[in-house]
Amino acid sequence: MKLERFKQRDPKKIGVIVFTVACILLIAGLFFYTSFASFEVKQDFNIINGTVGDPGDLYFAFYVDNVISKTMPQKGEGYVIDTEKTTCNNGASVEFNTDDWSIKVLNMTTSRTKCTLYFKKETIEDVILENADPTEIAYDKTADNNLRYIGANPNNYVSFNNELWRIIGTFNNIDDGTGKKETRLKIIRDEPYNESIAWDSSGQNNWTQASLQKELNGTYLNTIQSSYKDMIGDAKWNIGGHSTNSATTLEFYTAERSTVVYNNNPYTWIGKIGLMYPSDYGYATSGGSKADRNVCLNEDIYNWYNSDLNDCSNNNWLYKEDADQWTLTPQTSFNRVFFIDNDKRVFDTTPDMISEDMVFGLSASPVIYLSSSVKISGGTGSSSDPFKLSL
């Protein structure tokens with residue numbers, strides 16, 4: 001009634017209205033409008049036509065999977081904000097709070113500021129980046145640029161098969177054996193499957209026929225509960241080798257993916273369970289004050305036993321001072337296989353060796369590339385509260 005009387009008095013214009021805007025959806029532009037300004041906004045409205053003269057101080061455009069949307073995704077729908085694409089004009093920027101799913105605009109000094117927010121499906125890498133201490137993760141800067149856990153004891157524990165495993169990292173361009181390449185989570189069992197076992201009892205460094213490969217993908221695989229076995233995906237494992245112990249982490253990484261092998265052995269293998277690579281060990285270091293990560297990565301891993309490089313292994317969660325550990329990688333000059341010895345180095349020995357120094361046996365810890373559909377659904381990554389997995 002009051003509005004009708006007002007219209008009769010002045011049907012074309014109402015006075016200036018002082019207000020604070022909460023949300024107005026502009027149908028024509030598909031923009032979501034709100035104001036976070038701490039000052040009063042004054043605006044002329046045309047009540048009769050039901051339209052707003054201009055968008056006001058701040059307005060948003062939402063893109064979901066690169067398609068414009070009237071609204072942004074709701075929390076729990078599996079989306080995250082794409083910080084690389086999200087922008088504002090007029091020098092402003094967006095800070096997105098994932099806990100309460102709210103937007104905060106920073107450095108807004110000019111009216112009619114527009115922020116365009118992009119949302120993408122959350123990946124396993126996004127989850128790790130969101131939850132990890134920045135000092136416990138690092139990109140390896142290889143051609144694949146995998147994200148890895150580093151340091152003496154990062155929070156990378158995960159519950160798998162009701163056992164404690166640890167996340168090596170997220171790995172890009174992993175072939176599932178059909179040519180389809182995906183980003184997948186790579187995990188290693190915290191405790192070895194066997195603390196003293198031959199890589200191949202017949203003494204050959206051909207992983208496709210090795211006795212350990214057959215045992216891990218036969219006897220051991222059959223002990224994994226079906227709900228977890230469904231999470232394991234086939235992968236094309238690179239089994240190229242290196243000709244010497246003296247190699248940096250990147251040189252091992254490159255050699256592992258090469259076609260150089262011993263005695264014309266295969267250089268790839270499709271299967272479910274493998275072992276860690278020498279490069280996995282190398283890239284797991286964070287280094288320290290005496291030898292930082294860059295120093296460690298630019299030094300031959302064989303030299304890590306030197307006292308001035310102790311930081312490389314002491315701040316490396318894959319190093320075990322009470323075990324020698326088999327790797328997947330063969331030596332190419334001789335019929336031998338690389339392992340991580342308890343003296344911090346990458347070394348090589350014959351495939352049928354069980355105990356290198358008659359004190360520690362050569363142990364084997366299973367490594368798996370989980371299916372790309374596996375998600376982290378809970379936990380903090382600590383040993384007491386490991387990450388939980390789901391499909």
Residues [X] and [Y]: side-chain donor-acceptor under 3.5 angstrom:
| X | Y | value |
| --- | --- | --- |
| N172 | T183 | yes |
| D176 | T178 | yes |
| Y283 | N146 | no |
| D200 | N205 | no |
| D126 | T123 | yes |

Can you see which heavy atom on [X] is nearest to which on [Y], and at what distance?
| X | Y | value |
| --- | --- | --- |
| K290 | S307 | NZ-O, 3.8 Å |
| F62 | F60 | CZ-CB, 3.8 Å |
| G241 | S258 | O-OG, 4.0 Å |
| T249 | S279 | CG2-O, 3.6 Å |
| P278 | T329 | CD-OG1, 3.1 Å |
| P386 | S384 | CD-C, 3.6 Å |

Describe, in one word, how the ring planes of [X] and [Y] are oriented to each other, choosing from parallel (under 30°), tilted (30 to 60°) and perpendicular (over 60°).
| X | Y | answer |
| --- | --- | --- |
| Y118 | Y63 | parallel |
| F338 | F252 | perpendicular |
| F339 | F347 | perpendicular |

Do the non-hydrogen side-chain atoms of [X] and [Y] ever get within less than 4.5 Å of each other?
| X | Y | value |
| --- | --- | --- |
| Y228 | W165 | no |
| N217 | W269 | yes |
| Y262 | P330 | no |
| I103 | M72 | yes |
| N238 | Y277 | yes |
| I340 | L318 | no |
| S371 | M231 | no |
| V80 | T98 | no |

Step by step, work out the side chain to side chain contact (heavy atoms under 4.5 Å, CB included) result for N89 and T113.
CA-CA 6 Å; N89 65 358; T113 293; 3.4 Å; yes
Side chain to side chain contact (heavy atoms under 4.5 Å, CB included) between L58 and C115, intermediate numbers included
CA-CA 8 Å; L58 175 65; C115 293; 4.2 Å; yes
May I ask you to decide if [Y]'s main-chain N or O and [X]'s side chain share a donor-acceptor pair within less than 3.5 Å?
| X | Y | value |
| --- | --- | --- |
| R189 | E163 | no |
| Q331 | S243 | yes |
| N90 | A92 | no |
| Y281 | K344 | yes |
| N156 | I167 | yes |
| D385 | T380 | yes |
| W317 | Y149 | yes |
| T223 | Y220 | yes |
| N97 | W101 | no |
| D311 | A291 | yes |

Carboxylate-amine/guanidinium contact D300 R345, below 4.0 Å
no
Can you tell whether the side chains of R148 and D140 come within less than 4.0 Å, N to carboxylate O?
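A salt bridge is present here (some side-chain N lies under 4.0 Å from a carboxylate O).
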Under the side chain to side chain contact (heavy atoms under 4.5 Å, CB included) rule, what do Y305 and D341 come out as? Steps first, then yes or no, please.
CA-CA 10 Å; Y305 74 93; D341 74 4; over 6 Å; no
Do [X] and [Y] land in one hydrophobic cluster if side-chain heavy atoms of ILVMFWY residues count as linked below 4.5 Å?
| X | Y | answer |
| --- | --- | --- |
| V261 | Y253 | no |
| I168 | L250 | no |
| I273 | L370 | yes |
| F171 | L328 | yes |
| F334 | V337 | no |

Can you establish whether the number of heavy atoms outside Y267 located under 6.0 Å from its atom OH is more than 12?
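Atom OH in Y267 is not crowded, with 12 or fewer foreign heavy atoms closer than 6.0 Å.
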Take atom CD of E84 as the centre, draw a 6.0 Å sphere, and report whether it contains more than 12 heavy atoms from other residues, nucleotides or ligands.
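At most 12 heavy atoms, drawn from other residues, nucleotides or ligands, come within 6.0 Å of this atom.
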Pairs meeting criterion ring-ring contact (aromatic ring centres under 6.0 Å, His included) with involvement of residues 367-391, two or more places apart
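Every pair satisfying ring-ring contact (aromatic ring centres under 6.0 Å, His included) with a residue in residues 367-391: W237-Y369.
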Can you tell me how far apart [atom1] ([X]) and [atom2] ([Y]) are? Round to the nearest 0.5 Å.
| X | Y | atom1 | atom2 | value |
| --- | --- | --- | --- | --- |
| I124 | K375 | CD1 | NZ | 8.5 Å |
| N194 | S365 | CG | OG | 10.0 Å |
| D352 | S211 | CG | OG | 9.0 Å |
| N161 | Q225 | CG | CD | 5.0 Å |
| L275 | W326 | CG | CH2 | 9.5 Å |
| K388 | I376 | NZ | CD1 | 11.0 Å |

Chi angles and distances behind the side chain to side chain contact (heavy atoms under 4.5 Å, CB included) call for E130, E122
CA-CA 11 Å; E130 182 181 333; E122 187 174 51; 3.5 Å; yes
Pick out which of V158, I187, D190, N155 makes a side-chain contact (heavy atoms from CB on, under 4.5 Å) with R166.
D190
Quick one: salt bridge (Lys or Arg N to Asp or Glu O under 4.0 Å) pairs with a partner in residues 262-274, sequence neighbours left out?
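Salt bridge (Lys or Arg N to Asp or Glu O under 4.0 Å) check on residues 262-274 returns D234-K272.
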Cationic tip of K121 above Y79 ring, under 6.0 Å, 45° of axis:
yes
